[in-house]
Amino acid sequence: MPELPEVETTLRGIRPHLEGRQIRELKVRERRLRYPIAEGTEARLAGQRILGLRRRGKYLLLDLEEGSLLLHLGMSGSLRILPLTTPPGPHDHLDLVMEDGRCLRLRDPRRFGLFIWTAAPPEHHALIRDLGPEPLEGGFDGAYLHKRARNRQVAVKAFIMDAKVVVGVGNIYASESLFLAGIHPNRPAGQVSESQYALLARSIRTVLGESIAAGGTSLRDFVAEDGHPGYFARQLRVYGHEGQPCPHCGTDLRREKIGQRSSFFCPNCQV
DNA sequence: CCGGACGCCTGTCGGC
DNA sequence: TGCCGACAGGCGTCCG
């Protein structure tokens, strides 16, 4: 489900309810996420204050007085702020209960998400350590992408979805940004010019920024912290639009599998 | 190192 | 109506 804009939307929604506040307890109903929630996590969290919340790629990082929490929403996860009295529904796997009686509730039907407490700074964690640059911050531009793509044969779409190259670009926004940049998703990454990568880097920032402004994309599961959906789905230019006319030239949009993932593009505009 | 395939899960949808 | 396969927003791991 969530790519960078959905995680950013979630972060902005939950932050005011959690930052600076004290955790009363962690209630786990289902430990079996992508990695099982470690025994003893409850004891680690009880009574701790949440000092700050951050996003790194598609990960949410909660800095505590001792250690940090590392959360990922996988394909189908969402986080909501609810009164503890709200009965949990199916797949509501855990509640982080705050002193004010409200809780951060994780719902994740497919259980590809994760919830890990780590003693060390989270950027030292193996899942975070090797991540590439943030696309909305400095250090991400055409020169960087061009350099990383040298001698790479992999399709440019798979290349920009590689979190070691750049974080946060998932299957929706990869198709969308390649369309904006006029680059065919199947082009070998090493055969894209630096000026085209400059355009692609700009397109990635444009698309992610637009989606954050719309509160993310809700195709099925995604809801923000208060339960409302994101509205970027109606602004998608190609994703899910197989057989519909290209917004630029009118040619029928195509869908093709690239690296086992559906990819949407205009066979006329994208070369 | 690189590229590609697979598996982890549940839910939904379309075709027959 | 029921069944079955395909597919879904991610990503770590394994194999050649």
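What you see below is based on every heavy atom in this structure, not just the backbone, and it leaves out hydrogens, waters and symmetry mates. Please read these numbers as outputs of a predicted model, since none were measured by experiment. Lettering follows sequence order; numbering is per chain, from 1.
Contact annotation: A:Gln153 side-chain N/O to B:dG3 OP1/OP2 distance is not under 4.0 Å. Neither OP1 nor OP2 of B:dG4 sits under 4.0 Å from any side-chain N or O of A:Arg152. Phosphate contact (OP1/OP2 of C:dA8, side-chain N/O of A:Lys257, threshold under 4.0 Å): present. Checking the phosphate oxygens (OP1, OP2) of C:dA8, a side-chain nitrogen or oxygen of A:Ser262 falls inside 4.0 Å. Residue A:Arg34 places no side-chain N or O under 4.0 Å from the OP1 or OP2 atom of C:dC11. Within the 4.0 Å cut-off from OP1 or OP2 of C:dG10, at least one side-chain nitrogen or oxygen of A:Arg261 is found. Here A:His91 does not reach the OP1 or OP2 of B:dT10: none of its side-chain N or O atoms lies under 4.0 Å away.
With C:dA8, B:dC9, C:dG10 as the candidates, the nucleotide lying closest to the side chain of A:Tyr239 is C:dA8.
Atom-to-atom, CG of A:Asp108 to P of B:dT10 comes out at 11 Å; the value is rounded to the nearest Å.
Nucleotide B:dC9: unpaired (no Watson-Crick or G-U wobble partner with both distances less than 3.5 Å).
A donor-acceptor contact under 3.5 Å is formed by the side chain of A:Arg110 with the base of B:dC9.
Residue contacts shown for A:Phe232 are absent, as no nucleic acid heavy atom lies under 4.0 Å away.
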